[in-house]
There are 2 protein chains.
Amino acid sequence: MPLKEEKKIVERSTRQQSAILEVLYGLDEFRSAQEIHALLTKKNLKVGLATVYRTLQKMAEKEDIDAIKSIEGERLYRHCGQNDGHHHHLICSKCGLTITVEGPAIENWTDKVAKENGFSEVSHKVDIYGICKNCKKKSKP
Amino acid sequence: MPLKEEKKIVERSTRQQSAILEVLYGLDEFRSAQEIHALLTKKNLKVGLATVYRTLQKMAEKEDIDAIKSIEGERLYRHCGQNDGHHHHLICSKCGLTITVEGPAIENWTDKVAKENGFSEVSHKVDIYGICKNCKKKSKP
DNA sequence: CCTTTATTGATAACGGTTCTCAATAGTAAC
DNA sequence: GTTACTATTGAGAACCGTTATCAATAAAGG
Ligand SMILES: [Mn+2]
Ligand SMILES: [Mn+2]
Ligand SMILES: [Zn+2]
Ligand SMILES: [Zn+2]
C-alpha cells in the first residue's frame, strides 16, 4: 500500500470553459468553432482557438451540446436548450435558424429498416435543410 | 450572323473517365476519392489524383453516382446500380456494406415537419449506420 | 492533317481541425 | 497561505482532404 493516495482529480473548471458556455447559451443557431471563437473575441473574452476546438468537442462528446455537420462539412455546435433527449433539426440554409424536432415516425422507420436487413446497433442522424418563412419572404420582394 | 458556327462540343470521353467508372462498377460499398485512386493504381490504370476528385465530383453532380459523407466527414462515392431515384442508405460501419433503401415514411415525415414549420425547398439526407449481420457474427466468436 | 479547346496531372494552395509542448493555473493536501 | 501535482491552455506547426493553377495533352469536328 503506497503512502501516496490515488489522485481523484477528474476535471477542472476554467474561465475559458465558462466563457464558451456563455456564448453558446446566447445562440439559437448552429455555429462553427471559428465563429464561436470570433464571438468570444468580440466579447473581449480571450480564449485560444485550440481551446475552443477542444472544449466544444469535449462538450459534444458528453452531449452537453449538439453537434452537426454543415452541408460543406464544417462542424457546427449549439446548445439545444430544454431538450435532453434524442432529437433532430430543421435548419434554414439561409439564416441558420434551427428548430428542434422529434417524432416517432422516423425512429420507427429506421428501426424497421435496420431490423429487416439484419443490422444492429444502428444510429441515425436526420437533419432537414430548407428555407425558413422569413428568408423566403425576403427573397421575394 | 457570324461566319463561324457556334461550337457544340459539350463533353469529351476519356480513358480516365472510363477507368474510374470501371472501378466504381466493381464496388458495393462507398469509397473515397483517394481509395478509388489507389484501386486504379492497383489495376495499373494511371489516373491523376486531381482527375479522380474532379471526375467523381462531376459524376455526383450529374447524379450518375451517389455521394455521402462518412462519419469523419470524408466524401464517399458509389454507383448505386439499378436505382435512379431518390433513396437512402443503410451502411455497415464495420465493413462498409451498403444497402439501398427507400420508403415513403420518412419522405412524408420530413415534408410534414417542414410544412408545419413554414419551411420550403426542403431537402434531406438520411443515412443509417449500423453493424451488418456478418460483422456482428465475426465479433461474437 | 489541322484547329479548337476540354481534359489532364504535378504541384501549390487552402481551410478546417488536430497535435506539440512549454507555460499557466485549478485542486487537494499540508 | 504554501506546496505539489497535473489538467488545461495557447501559439504555432503539422495534418489531411480537397480545390486551384496552369502548362501539356489529346478528344472532336472539319
Ligand atoms: Mn431519430
Ligand atoms: Mn428521402
Ligand atoms: Zn432563414
Ligand atoms: Zn459489415
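In what follows, chains are A, B, ... by sequence order, proteins preceding strands, each numbered from 1.
Counting to the nearest Å, the C1' atom of D:dG17 and the OH atom of B:Y77 are 11 Å from each other. Across the protein-nucleic acid pair, B:H37 atom NE2 and D:dC16 atom C1' stand 16 Å apart, rounded to whole Å. Spacing between atom CG of A:L76 and atom P of C:dG16 amounts to 11 Å, rounded to whole angstrom units. Taking atom CD of residue B:E72 and atom P of nucleotide C:dT17, one finds them 14 Å apart after rounding to whole Å. Regarding A:R12, its CZ atom lies at a distance of 11 Å from the C1' atom of D:dA4, rounded to whole Å. The separation between A:R15 atom CZ and C:dA23 atom P is 19 Å, rounded to whole Å. To the nearest angstrom, C1' of D:dA28 lies 12 Å from CD of B:E11. Spacing between atom CD of A:E74 and atom C1' of C:dT17 amounts to 11 Å, rounded to whole angstrom units.
Residue pairs meeting the salt bridge (charged side-chain N to carboxylate O under 4.0 Å, His left out) criterion with at least one partner in residues 115-136 of chain A, sequence neighbours excluded, are absent. Pairs passing the salt bridge (charged side-chain N to carboxylate O under 4.0 Å, His left out) check and including a residue from residues 50-60 of chain A, sequence neighbours excluded, do not occur.
Closest to the A:S13 side chain, of the nucleotides C:dG9, D:dA28, C:dT27, is C:dT27.
Under the ring pair (Phe, Tyr, Trp, His ring centres under 6.0 Å) criterion, A:F119 pairs with no residue at all, not counting sequence neighbours. Residues meeting the ring pair (Phe, Tyr, Trp, His ring centres under 6.0 Å) test with B:H124, sequence neighbours left out: B:H86, B:H88. Partners of B:E22 by salt bridge (Lys or Arg N to Asp or Glu O under 4.0 Å), not counting sequence neighbours, listed by chain and number: B:K43. For A:F30, the ring pair (Phe, Tyr, Trp, His ring centres under 6.0 Å) test picks out A:H89, with sequence neighbours left out. Under the salt bridge (Lys or Arg N to Asp or Glu O under 4.0 Å) criterion, A:E29 pairs with A:R31, not counting sequence neighbours.
At least one side-chain heavy atom of A:I68 sits less than 4.5 Å from a side-chain heavy atom of A:I91.
Nearest heavy atom pair, residue B:T55 against residue B:T51, reads OG1-O, 2.6 Å. Between A:C132 and A:C92, the closest heavy-atom pair is N-SG, 3.4 Å.
A heavy-atom distance below 4.0 Å to DNA chain C is reached by these residues of residues 42-56 of chain B, ordered by number: B:K46, B:V47, B:G48, B:A50, B:T51, B:R54. For the contact set between residues 20-33 of chain B and DNA chain C, defined by any heavy atom under 4.0 Å, there are no members.
Comparing B:T14 and B:R75 against DNA chain D, the residue whose closest nucleotide sits nearer the 5' end is B:R75.
The end-to-end axis angle of the helix from C:dC1-D:dG30 to C:dC30-D:dG1, rounded to 10 degrees and based on five pairs per end, is 40°.
Hydrophobic cluster of A:Y53: the remaining members, joined at side-chain heavy-atom separations below 4.5 Å, are A:L49, listed by chain and number. Hydrophobic side-chain contacts under 4.5 Å tie A:V52 into a cluster, directly or through other members, with A:I20, A:L21, A:V23, A:L24, A:Y25, A:L27, A:I36, A:L39, A:L40, A:L45, A:V47, A:L56, A:M59, A:I65, A:Y77.
Of the side-chain N and O atoms in A:Q57, none sit less than 4.0 angstrom from OP1 or OP2 of C:dT17. Neither OP1 nor OP2 of C:dA25 sits under 4.0 Å from any side-chain N or O of A:Q16. For B:Q17 and C:dT8, the shortest distance from a side-chain N or O to OP1 or OP2 is below 4.0 Å.
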